[in-house]
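In what follows, a structure is listed as C-alpha cells, so that the remarks can point back to it.
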Amino acid sequence: MELKLRCIDCGRETGPVVTYRCECGGLLEVSLDLKELKEVVSRELFDTRLNMGKFPYQSGVWRFRELVHPLLNDFEIVSRPEGNTNLYHHKALANFTGIEKILLKHEGENPTGSFKDRGMTVGISEANRLGMRVVGCASTGNTSASLASYAGLSNMKSIVFIPEGKIAFGKLSQALAYGARVLQINGNFDDAMSLVQEASERLGIYLLNSINPFRIQGQKTIIFELIQQLNWKPPDWIVVPAGNLGNTSAFGKAIYELKKLRLIEKTPRIAAIQAEGANPFYRLWKNKLKELKPLKKPETIATAIRIGNPVSWKRALRAIELTDGVVEQVTDQEIMDAKAIVDSSGIGCEPASAASVAGARKLLENGIIEKDDVVVCIITGHILKDPDSTINYHLSRLDNVKPRFANMPVKIEPNINLVKRYL
Ligand SMILES: *Cc1c(COP(=O)(O)O)cnc(C)c1O
Ligand SMILES: [Zn+2]
C-alpha cells in the first residue's frame with residue numbers, strides 16, 4: 001500500500017518522512033492510492049470489525065486503518081482506544097432548533113474528552129514509527145490534554161505551548177496530570193504556534209499541531225464512523241464548530257474519499273460554524289475574499305475556537321466548496337443558550353461544541369437547512385472540560401451573556417415544607 005505526503009498548493013509529493021510543510025510553504029496532506037484501496041475496502045469489511053474486540057479494530061479510528069494510515073504495523077499503533085462515540089436525539093433539541101431529525105454525535109466521549117484523540121492516536125503512532133522521542137504542540141487546551149495522554153501511554157516526552165489568558169480548567173489540569181512539560185507563552189495562540197514550529201525545526205520535537213497531516217487522517221474517522229452508524233446513508237447536513245479548521249478540512253477529505261471509493265453515493269453538506277468574535281473564515285467565505293485575513297484579537301467564551309489565524313483555511317475552503325457547504329457565525333449568547341439546552345437534555349458539552357447546535361438553529365431560521373433534513377451536529381468536547389463557563393452562566397456571572405435558561409441553586413433552611421415548594 002502506498003502513502004505519500006502531497007503539497008496542497010503545488011502538488012509536489014514526498015514519502016512519509018518528518019516534515020510538515022512543502023518547500024513552497026504549502027501545507028501537506030496524506031495522499032492514498034484510492035484506486036488500489038477501492039479493491040481492498042468495503043462497507044462489509046468495516047462492519048465485520050465492529051464487534052470483533054480485536055486490537056486495533058475496537059478503536060473507531062483503526063477500524064478504518066486502510067483509509068487512515070495503511071503503513072502501520074499493529075505494534076506501532078498507540079490506541080486507548082478512541083472513537084465509538086454515540087449519536088443522541090432529544091425532543092428538546094428538535095424544539096430548540098426546529099429540526100425534527102437532529103442528531104448529536106458526541107466526540108466528548110473520546111478517552112480524554114474531545115475529538116482530538118482521533119487525530120492524536122494517528123499522530124503519535126506515526127511518531128512511534130518514525131522513532132521520535134519528544135512530541136509537542138501549541139494548544140488552547142484539548143490538543144494538549146490529548147497529546148499528554150498519548151505521549152504518557154507510549155513513554156514519549158511531551159511539551160505543550162499554551163497562550164496567556166484564559167485556559168479552560170479541565171484541559172490544563174489534564175495536560176499537567178498526564179505529565180506534559182507545559183510552557184505558558186507571554187503571547188496569544190498564534191505566538192505559541194510560531195514558537196512551537198520553530199522548536200520543531202531546531203530542537204527535533206515532533207510537531208502534533210493540526211498542520212500535522214496525520215492528525216487530519218484520524219479526524220476523518222468522525223465522518224466514517226457517523227456514516228457507518230447511519231447504515232452508510234449520509235445525513236443531509238454535518239454541522240461542525242470551526243476554529244483552526246482541522247475538522248472542517250478532515251471532513252471534506254473524508255467525504256471526497258468515501259465518494260471516490262463508492263462507499264457512499266450522496267454528498268452530505270458541511271456547515272462550519274464560527275464564533276462571531278473569532279470569525280476570519282466566516283468573513284472569507286461570506287465576502288468571497290481571495291486570502292484569509294487573520295484577526296489580531298479573537299474573542300469568545302468558546303476558548304476551543306478562539307482562533308484568529310486558522311492554519312487550515314485553504315483545505316477547509318475546499319471542503320466547503322466540494323460539499324456545497326456553508327459557513328455561519330454565532331454569538332456567545334447563542335452558543336451558551338444552545339449549550340444550556342444540550343446540557344439540560346442530559347447530554348452536555350463544552351461551549352465550543354454548542355456552536356454546532358446554535359449554528360444549525362440559525363441555518364434553519366435563514367432557510368438554508370430545512371426542517372425535515374437529517375442534520376448531525378458534532379459535539380466536539382465534554383461538559384467537564386470547562387466547568388467555569390457552565391457555573392458562571394447559571395449564576396449569571398458572564399459579562400456579555402444573559403442566562404436565559406439559568407438553573408440557579410437555591411439556599412433554604414433545613415425545613416421539609418420549603419423542599420416541597422421547590423419540587
Ligand atoms: C479543537 C476544538 C475545536 C476546533 O476544531 P478545529 O478543527 O480547530 O476547527 C472545537 N471544539 C473543541 C472542543 C475542540 O477541542
Ligand atoms: Zn508545495
Side-chain angles (χ1 to χ4, degrees), residues 5-14 19-29 31 85 105-110 112-120 137-147 167-168 170-171 174-175 189 193 208-212 215-216 218-220 222 239-253 270-275 278-282 298 300-316 319-320 327 335 339 342 348-357 359 377-386 389:
L5 298 178
R6 185 177 53 210
C7 172
I8 68 156
D9 286 341
C10 75
R12 193 175 306 158
E13 290 188 335
T14 60
T19 177
Y20 313 99
R21 281 188 190 271
C22 174
E23 290 163 37
C24 81
L27 290 187
L28 301 171
E29 67 177 7
S31 136
T85 60
K105 182 159 177 65
H106 205 325
E107 288 296 303
E109 295 174 347
N110 275 290
T112 76
S114 83
F115 73 84
K116 299 296 197 299
D117 293 341
R118 289 188 187 258
M120 204 53 72
C137 70
S139 167
T140 50
N142 282 330
T143 301
S144 58
S146 187
L147 177 88
I167 301 283
K171 309 176 188 184
Q174 280 179 296
F189 177 80
M193 187 78 171
L208 279 167
N209 264 98
S210 66
I211 73 164
N212 184 302
R215 281 190 49 200
I216 300 290
Q219 287 169 215
K220 288 190 310 188
I222 298 173
V239 189
V240 62
N244 227 340
L245 302 170
N247 257 347
T248 308
S249 308
F251 289 12
K253 191 167 194 282
I270 297 176
I273 314 297
Q274 293 219 284
N279 65 353
F281 188 59
Y282 172 76
T300 165
I301 191 170
T303 52
I305 53 175
R306 194 172 63 197
I307 310 268
N309 189 13
V311 282
S312 298
W313 68 267
K314 275 187 201 163
R315 289 187 294 196
I320 297 295
V327 185
I335 288 175
K339 172 172 151 60
V342 174
C349 66
E350 68 164 284
S353 311
S356 61
V357 174
C377 292
I378 307 300
I379 297 298
T380 45
H382 195 279
I383 187 172
L384 290 177
K385 288 287 193 170
D386 188 357
S389 71

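For the single chain, residues carry numbers from 1 onward in sequence order. Counting starts at 1 for both ligands and their atoms, following the listed order.
Geometrically, ligand 1 and T380 share a nitrogen or oxygen pair separated by less than 3.5 Å. Considering backbone and side-chain atoms together, T248 places no N or O closer than 3.5 Å to any N or O of ligand 1. Between G243 and ligand 1, an N or O atom pair is found at a separation short of 3.5 Å. Geometrically, ligand 1 and S114 share no nitrogen or oxygen pair separated by less than 3.5 Å.
S353 has its side chain out of reach of V342: every pair of non-hydrogen atoms, C-beta onward, lies at least 4.5 Å apart. No side-chain heavy atom of T143 sits under 4.5 Å from any side-chain heavy atom of L208. Contact of the S356 side chain with the I379 side chain is registered, since non-hydrogen atoms from C-beta on lie closer than 4.5 Å. Residues K314 and D9 form a side-chain contact, since some pair of their non-hydrogen atoms from C-beta on lies under 4.5 Å apart. Residues Q274 and I307 are not in side-chain contact: their nearest non-hydrogen atoms beyond the backbone lie 4.5 Å or more apart.
When heavy-atom distances to ligand 1 are checked against a 4.0 Å cut-off, A352 comes that close only through its side chain, counted from C-beta outward. Looking at I305 against ligand 1, only its side chain comes within 4.0 Å, counting heavy atoms.
Taking every heavy atom of A242 and a limit of under 4.0 angstrom, the matching atoms of ligand 1 come to 9 (O). Taking a cut-off of under 4.0 Å to the non-hydrogen atoms of G381, the atoms of ligand 1 that pass are 13 (C). The distance from ligand 1 to the heavy atoms of E350 drops below 4.0 Å at these ligand atoms: 13 (C).
Between R12 and E23 there is a salt bridge, since a side-chain N of the basic residue sits under 4.0 Å from a carboxylate O of the acidic one.
Among protein heavy atoms, atom 5 (O) of ligand 1 sits closest to F115 CZ, 3.5 Å. What sits closest to atom 7 (O) of ligand 1 on the protein, heavy atoms only, is N247 N, 2.8 Å. Nearest protein heavy-atom neighbour of atom 1 (C) of ligand 1: K116 NZ, 1.4 Å. Scanning the protein for heavy atoms near atom 6 (P) of ligand 1, the closest one is L245 N, 3.5 Å. For atom 8 (O) of ligand 1, the nearest protein heavy atom (residue, atom name, distance) is N244 N, 2.9 Å.
The residue from R118, H382, K116, Q219 that alone fulfils the side-chain contact (heavy atoms from CB on, under 4.5 Å) condition with E107 is R118. With S312 as reference, L245 is the one residue of L245, I8, T248 to meet the side-chain contact (heavy atoms from CB on, under 4.5 Å) rule.
Shown are the protein N/O/S atoms under 2.8 Å from the Zn ion (ligand 2), given by residue and atom: C7 SG, C10 SG, C22 SG, C24 SG.
The shortest heavy-atom contact between T112 and A145 is CG2-O, 4.2 Å. I301 and S389 get closest at one heavy-atom pair: CD1-CB, 4.1 Å. Closest approach of L28 to R21, counting heavy atoms only: CD1-N, 3.7 Å.
For N244, there are no side chain to side chain donor-acceptor pair (under 3.5 Å) partners, not counting sequence neighbours.
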*Derivation and outcome, side-chain contact (heavy atoms from CB on, under 4.5 Å), residues F251 and I378*: CA-CA 11 Å; F251 289 12; I378 307 300; 3.8 Å; yes

